[in-house]
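Computed from heavy atoms alone, side chains included, the values below leave out hydrogens, waters and symmetry copies.
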Amino acid sequence: MSYTKEDILRIAKEENVRFIRLQFTDLLGTIKNVEIPVSQLKKAVDNKMMFDGSSIEGYVRIEESDMYLYPDLDTWVVFPWVSENRVARLICDIYMPDGTPFAGDPRGILKRCLKQAEEMGYSSMNVGPEPEFFLFKTDEKGNPTTELNDQGGYFDLAPTDLGENCRREIVLTLEEMGFEVEASHHEVAPGQHEIDFKYEDAIKAADQIQTFKLVVKTIARQHGLHATFMPKPLFGVNGSGMHCHQSLFNGGENAFYDESDELGLSEVARYYMAGVLKHARAFAAITNPTVNSYKRLVPGYEAPCYVAWSGSNRSPMIRIPASRGLSTRVEVRNPDPAANPYLALAVMLKAGLDGINRKLKLPDPIDRNIYVMSEEERIEEGIPSLPADLKEALNELVRDEVIIEALGEHALAHFYELKEIEWDMYRTQVHAWERDQYMTLY
């Protein structure tokens, strides 16, 4: 929906809204907010709310701390889980005191990449995300345990799927907040779930991913459960992905569709996929941004480890879903839900646009199960692997000029620094596996 300032002030009064969360996202993808009383709402919608940017991960130094929150009025929503002293939310862009957009704002970075697409003749990027999550039981203090709330499998029902009631309430809450939920089901691993919502333009899709995470965690807590979007919380079972279905449109026309093509794919779609595949090893640091992300990207657990594509095969990184016409799209399968959605969509879009600009040749599809191919066969077929760990991904990131340009110097420098620290902390830590393996052996 579209809202004016007057609409928001009126609804706030009618709905007895007492507080407003001015939300934004830091560089690592964590939702932040400044909460204000409703008496300050007019000031907020006039773009006059200031905050200290030096306290936010990846923003600015203390001597440059003053920043402004510019609410996107169309993101106004009243949280349905608070009945008294109601709370509403507005998602904000970050601006500098001189009125210019902040270069390190993830939402602003995605907007910059979309602007390039628009200049190339593509009015919108449509995205349908599929973020998966696990539900764990909590202890008497409300802290998460490693005990799953069910032992269900793919598409299981209650009583096997004990998360069904929680998942159903999540769906109802999302619908109250304006989501068009298309399906919800138990995923492959015990305790793992997926809720799919209708595609939207890229900015709204990223906003919805952030809202989705907040709703899932909030409703799970009300059921005495802890929801996690950690990519691989348990050894030996599938991890959680966030497949991103994407297409470019020019007005009402899907630029990815060509009815005369054998697969229904236009040249633009093929160039776009070629760009995504070419830059995949570099943008993995953004789409798979944690040490834990690379525990998911291993053979045997339905996660794509290999940089390839297919019209139907699910083992490569890119798959082409069966729908055609306006629904023609590419499904990029390697991102996980720990990713900052604004940055993840920005780098995938930028990679695809580079493919279109340079008319990159798309490799032949791989219609075999890559998981059962030997290393020699993969080399013969020219199938690279995604990075094996975060350090390898970071090394690839800083060598790729296209992905660097997508992020901008500010975001790249701060992201790289934060992730180098994360890798070093992991690298120097002694883990339980090492003690179990070596304590008595040596």
Side-chain angles (χ1 to χ4, degrees), residues 28-29 132-141 143-154 187-193 225-242 280-282 284-307 315 317 333-339 369-379 383-398 415-442:
L28 298 181
E132 297 167 340
F133 60 95
F134 278 82
L135 292 175
F136 287 90
K137 293 180 180 179
T138 54
D139 61 21
E140 62 279 358
K141 295 181 180 178
N143 296 319
T145 69
T146 55
E147 186 180 355
L148 295 164
N149 78 308
D150 69 62
Q151 292 299 315
Y154 202 47
E187 257 297 339
V188 173
Q192 188 183 32
H193 304 270
L225 300 169
H226 175 77
T228 182
F229 291 90
M230 180 180 178
K232 185 83 168 184
L234 297 171
F235 170 73
V237 299
N238 288 15
S240 290
M242 187 175 70
R281 283 179 53 81
I286 305 298
T287 56
N288 307 88
T290 70
V291 164
N292 182 254
S293 295
Y294 297 87
K295 306 291 179 74
R296 167 182 167 255
L297 297 177
V298 294
Y301 297 99
E302 300 190 11
C305 324
Y306 307 111
V307 183
S315 61
M317 195 188 102
R333 297 170 56 82
N334 69 294
D336 66 52
N369 184 351
I370 305 176
Y371 297 137
V372 299
M373 293 170 67
S374 67
E375 185 176 357
E376 290 75 18
E377 288 175 306
R378 292 198 302 273
I379 292 171
I383 304 172
S385 297
L386 286 166
D389 56 43
L390 180 59
K391 179 60 177 174
E392 185 180 345
L394 290 171
N395 290 342
E396 292 283 344
L397 172 64
V398 295
F415 181 87
Y416 186 84
E417 180 184 7
L418 291 167
K419 289 300 167 178
E420 277 277 281
I421 293 169
E422 180 180 332
W423 174 255
D424 202 52
M425 288 171 64
Y426 171 74
R427 182 184 65 82
T428 56
Q429 180 63 257
V430 178
H431 300 274
W433 182 89
E434 296 171 88
R435 285 189 290 272
D436 293 342
Q437 193 78 4
Y438 304 130
M439 188 77 84
T440 57
L441 185 60
Y442 297 106

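Taking every heavy atom of both residues into account, Leu148 and Pro190 meet most closely at CD1-O, 3.4 Å. Nearest heavy-atom pair across Leu135 and Ala227 is CD2-CB, 3.8 Å. The shortest heavy-atom contact between Val307 and Arg281 is CG2-CG, 4.4 Å. When all heavy atoms of Lys232 and Asn292 are compared, the pair lying nearest together is N-OD1, 2.7 Å.
Rounded to the nearest 0.5 angstrom, Asp424 CG and Gln429 CD are separated by 11.5 Å. With rounding to the nearest 0.5 Å, the separation of OH in Tyr416 from CD1 in Ile421 is 11.5 Å. Atoms CZ and CG, from Phe415 and Leu397 in turn, are 7.0 Å apart once rounded to the nearest 0.5 Å. Distance CG/Asp389 to CG/Leu394: 9.0 Å, rounded to 0.5 Å. Separation of atoms CD1 (Ile370) and CD1 (Ile383) is listed at 4.5 Å; rounding is to 0.5 Å. The line from CD of Gln192 to OG1 of Thr228 is 11.0 Å long, rounded to the nearest 0.5 Å.
Using modelled atom types, one side-chain atom of Lys419 and one backbone atom of Pro289 make a donor-acceptor pair closer than 3.5 Å. Judged by distance alone, with hydrogens and angles left aside, the side-chain atoms of Ser240 form no donor-acceptor pair with the main-chain N or O of Phe229 at under 3.5 Å. Looking at Arg333, its side chain never comes within 3.5 Å of a backbone N or O of Ala303 through a donor-acceptor pair. Judged purely by atom type and a 3.5 angstrom limit, Glu392 uses its side chain to pair as donor or acceptor with the backbone of Ala388.
Ring-plane geometry between Trp433 and Tyr438 is classed as perpendicular, the angle between the planes exceeding 60 degrees on a 0 to 90 degree scale with a lower cut at 30.
Heavy atoms of other residues, nucleotides or ligands lying less than 6.0 angstrom from CD of Glu417 number 12 at most.
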